[in-house]
Amino acid sequence: MIQQILLSLLAGVICGVVFTALKLPIPAPPVFPAIVGIFGVFLGMKIFLFLSERFF
């Protein structure tokens with residue numbers, strides 16, 4: 001799991017460098033609240049899957 005996280009972080013850093021070098025807008029929300037919102041969507045999915053495995 002840690003390896004996947006590190007590879008994901010590395011891919012993100014590489015994309016950030018390439019997009020900035022090419023003077024393109026980054027393909028991610030540039031503000032922290034938007035990033036937290038994306039995490040919220042992921043967390044909601046995990047909660048639903050957990051609950052559906054336990055109770056349905």
Side-chain angles (χ1 to χ4, degrees):
M1 172 125 169
I2 290 292
Q3 184 180 8
Q4 291 174 339
I5 293 170
L6 292 176
L7 287 175
S8 179
L9 179 62
L10 178 63
V13 169
I14 291 170
C15 284
V17 168
V18 169
F19 274 72
T20 302
L22 296 175
K23 299 194 185 321
L24 297 171
I26 59 170
V31 293
F32 186 70
I35 295 169
V36 172
I38 292 170
F39 178 72
V41 170
F42 175 77
L43 186 61
M45 177 197 70
K46 289 297 190 179
I47 290 170
F48 177 80
L49 291 174
F50 174 78
L51 293 175
S52 66
E53 288 174 2
R54 296 275 182 187
F55 300 108
F56 299 112

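Residues meeting the side chain to side chain contact (heavy atoms under 4.5 Å, CB included) test with L51, sequence neighbours left out: I47, F55. Taking the side chain to side chain contact (heavy atoms under 4.5 Å, CB included) definition, one finds that V41 meets it with nothing, sequence neighbours left out.
L22 belongs to a hydrophobic cluster whose remaining members, ordered by chain and number, are L10, I14, V18, F19, L24; membership requires side-chain heavy atoms of ILVMFWY residues under 4.5 Å apart, directly or through intermediates.
Counting heavy atoms from C-beta on, the side chains of K46 and F50 never come closer than 4.5 Å.
Cluster membership check: V31 does not share its hydrophobic cluster with I26, using side-chain heavy-atom separations under 4.5 Å among Ile, Leu, Val, Met, Phe, Trp and Tyr.
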